[in-house]
2 protein chains.
Amino acid sequence: MSPFFEPVITSSDKIFTALRADIVAGHVKAGVKLSEAELSTKYGVSRAVIREAINRLANTSLVERKPNIGARVVTLSHEGLVQLYQVREALEGMAARLAATNMSDAEIQDLHALMRSHSQEVKGGETYYQEAGDVDFHYRVVLGSHNQPLISMLTNNIYHLVRMYRVQLGMAGPRVTTAFAEHQQIVQAITNRDGELAEILMRRHILYSKNNIEAKLNRSAATNTEEIK
Amino acid sequence: MSPFFEPVITSSDKIFTALRADIVAGHVKAGVKLSEAELSTKYGVSRAVIREAINRLANTSLVERKPNIGARVVTLSHEGLVQLYQVREALEGMAARLAATNMSDAEIQDLHALMRSHSQEVKGGETYYQEAGDVDFHYRVVLGSHNQPLISMLTNNIYHLVRMYRVQLGMAGPRVTTAFAEHQQIVQAITNRDGELAEILMRRHILYSKNNIEAKLNRSAATNTEEIK
DNA sequence: ATGGCCTATATTGTCGACAATATTTAAAGG
DNA sequence: CCTTTAAATATTGTCGACAATATAGGCCAT
């Protein structure tokens with residue numbers, strides 16, 4: 001009867017989402033062991049659902065699991081960031097190119113609407129943009145590729161890791177407005193059905209983003225080593 | 001004591017591998033439902049390990065799982081093939097480029113040794129080549145990229161799907177020798193540390209492979225529709 | 001005191017049973 | 001005869017307990 005799709009939420013889904021949010025936010029710190037018994041009592045569910053959630057986290061590369069030993073939260077590293085963004089640049093660049101040819105006119109209209117809404121937020125100086133808006137933009141473009149394996153890899157594996165770096169490094173700097181401008185350029189290229197340009201712009205946009213994060217990562221690494229001394 | 005790394009094999013690992021082999025080989029046909037109870041009795045293990053194996057198959061895109069309903073073996077389609085190879089071309093092309101700069105001299109020597117061994121097999125006309133040798137070659141190059149997210153996505157998600165198409169369509173035609181020649185060219189480019197060329201050659205190699213499979217897929221689709229009539 | 005071994009403890013892997021949800025079957029009404 | 005509804009069945013989701021493996025701590029020998 002209901003015209004809306006009602007997603008079935010299982011217990012594991014909730015635990016998985018909750019744990020993922022904690023890990024991405026750095027609430028559960030890198031290298032920490034995820035004890036099944038402990039989490040079981042904490043969340044008030046059986047170990048079975050905890051296990052399933054942890055397995056899903058492992059498939060998202062947010063935790064590393066070893067048989068008979070357990071699962072630990074992944075540790076962010078400079079090398080990891082570089083490798084991650086190398087792949088992300090290739091995949092999202094491709095997504096932008098495909099989106100330029102595969103998105104329907106309606107989808108493109110929706111994208112424009114999203115940009116207008118983001119525009120308001122940027123003017124208002126809200127931090128919301130970097131948190132969800134940016135993800136939302138990229139998410140839309142990825143979906144616009146209409147390529148299922150590509151969508152799956154980006155949304156299930158890469159995005160949450162990317163978010164983890166950004167959130168934990170507290171990315172909310174002056175790049176907000178310039179990133180918005182870059183987004184607009186990409187939307188324009190897609191609107192013009194210029195896949196080649198869309199890919200170039202997207203790759204460059206992601207490269208800038210990487211450089212931005214890299215700088216911050218180096219700074220925080222420097223202070224950390226000082227603290228150790 | 002043993003100098004070799006001994007991988008820990010859990011029950012789920014065995015079931016996962018067994019099921020995957022059956023699915024890839026087409027022993028379990030597309031669209032068939034994977035009943036937990038049934039598989040539990042068939043393999044003589046508890047439903048828990050079956051569930052875990054099925055979850056892992058779902059993460060490999062070999063089965064589709066819906067909450068409270070169950071898991072079904074994915075159905076191969078022309079569109080699926082095109083999308084899969086689109087992504088594969090980008091990722092493995094990138095892997096070849098990275099391998100050209102990141103592989104150690106020792107790794108490259110090993111790669112040459114592999115090619116010599118394949119050369120023998122091709123001359124002997126063995127079918128082994130297409131089954132494992134080809135995979136082995138691509139596998140080595142992917143590992144040579146030294147990019148962990150890339151390695152993970154290709155080996156865990158894409159390869160088995162690709163193998164599924166090839167195995168089920170009975171790919172063992174005259175392309176064997178020409179594919180071998182293409183492999184050698186790629187190895188040469190990597191040896192010369194020419195990443196750009198390695199990427200171009202790899203992408204083209206995969207494109208040829210796709211065209212080959214596509215042709216066969218169309219033929220079998222044609223006969224299938226006739227059978228229906 | 002230190003290093004290696006062995007027991008004790010804790011943690012993960014596996015199992016069978018129960019609960020919640022979907023599917024099938026049958027009955028009733030039109 | 002077909003559609004709709006409701007009970008019956010089957011399947012997946014969740015749970016707590018036991019088995020197998022890893023970790024920690026103490027004991028012994030040197």
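Residue numbering restarts at 1 for every chain, and letters A, B, ... go by the order of the sequence lines. As the structure is a computational prediction, the values presented were derived from the model and not from experiment.
- A sub-4.0 Å separation between OP1 or OP2 of D:dT14 and a side-chain N or O of A:T10 is present.
- One interatomic measurement links the two molecules: CG of B:L39 to P of D:dT11, which rounds to 12 Å at whole-angstrom precision.
- Classification of the A:H205-A:H138 ring pair by plane angle, with boundaries at 30° and 60°, yields parallel.
- Take the nearest nucleotide of DNA chain D for B:S35 and for A:G44: the residue whose nucleotide is more 5' is B:S35.
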Contacts under 3.5 Å, N or O only, protein and nucleotides 6-10 of chain D:
none

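- A straight line from CZ of A:R65 to P of C:dT11 spans 15 Å, rounded to a whole angstrom.
- Regarding contacts with the backbone of D:dT14, a side-chain N or O of A:S12 is found under 4.0 angstrom from either OP1 or OP2.
- In this entry the distance linking NZ of B:K66 with C1' of D:dG13 reads 18 Å, nearest Å.
- Closest approach of B:S145 to B:A95, counting heavy atoms only: CB-O, 3.8 Å.
- Partners of A:E92 by salt bridge (Lys or Arg N to Asp or Glu O under 4.0 Å), not counting sequence neighbours, listed by chain and number: A:R88.
- Taking atom CD on A:E52 and atom C1' on C:dT12, their separation rounds to 16 Å, with Å as the unit.
- Ionic pairing of B:R203 and B:E199 is present here: one or more N-O contacts between side-chain nitrogen and carboxylate oxygen are shorter than 4.0 angstrom.
- As a whole-Å value, the separation of A:I9 CD1 from C:dT21 P is 13 Å.
- Note on B:S11: a side-chain N or O is less than 4.0 Å away from OP1 or OP2 of C:dT14.
- Taking B:T10 as the reference, nothing meets the side-chain hydrogen bond (donor to acceptor under 3.5 Å, both in side chains) condition, with sequence neighbours excluded.
- Residue B:R72 places none of its side-chain N or O atoms closer than 4.0 Å to OP1 or OP2 of D:dT11.
- Under the side-chain contact (heavy atoms from CB on, under 4.5 Å) criterion, B:N102 pairs with B:L98, B:H146, sequence neighbours left out.
- Between A:I15 atom CD1 and D:dG13 atom C1' the separation is 14 Å, expressed in whole Å.
- Within the structure, every side-chain polar atom (N or O) of A:R51 is placed at least 4.0 Å from both OP1 and OP2 of C:dT12.
- In terms of heavy atoms, B:K29 sits closest to B:V73 at O-CB, 3.5 Å.
- If you check every strand for non-hydrogen atoms under 4.0 Å, B:L34 touches sugar and phosphate atoms only.
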Inset, instruction - Evaluate the criterion side-chain hydrogen bond (donor to acceptor under 3.5 Å, both in side chains) for residue pair A:H118 and A:H183; output intermediate values, then yes/no. - result: CA-CA 10 Å; A:H118 282 176; A:H183 287 183; 5.2 Å; no
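- Heavy-atom neighbours of A:Q148 CD from other residues, nucleotides or ligands within 6.0 Å: above the threshold of 12.
- Residue-level contact check: A:I50 touches neither bases nor backbone, having no heavy atom under 4.0 Å from any strand.
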Legend entry - Nucleic acid footprint by protein, nucleotides 16-23 of chain D - heavy-atom cut-off 4.0 Å, B for base, S for sugar-phosphate alone: -B---SSS
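- Of all nucleotides listed (D:dC15, C:dC15, C:dG13), C:dC15 comes nearest to the side chain of B:V49.
- In this entry the distance linking CD of A:E38 with C1' of C:dT11 reads 12 Å, nearest Å.
- Distance CZ (B:R56) to P (C:dG13): 11 Å, rounded to an integer number of Å.
- For residues 50-65 of chain B, the pairs satisfying salt bridge (Lys or Arg N to Asp or Glu O under 4.0 Å) are A:R51-B:E52, A:E52-B:R51, B:D13-B:R56, B:E36-B:R51, B:E36-B:R65, with sequence neighbours left out.
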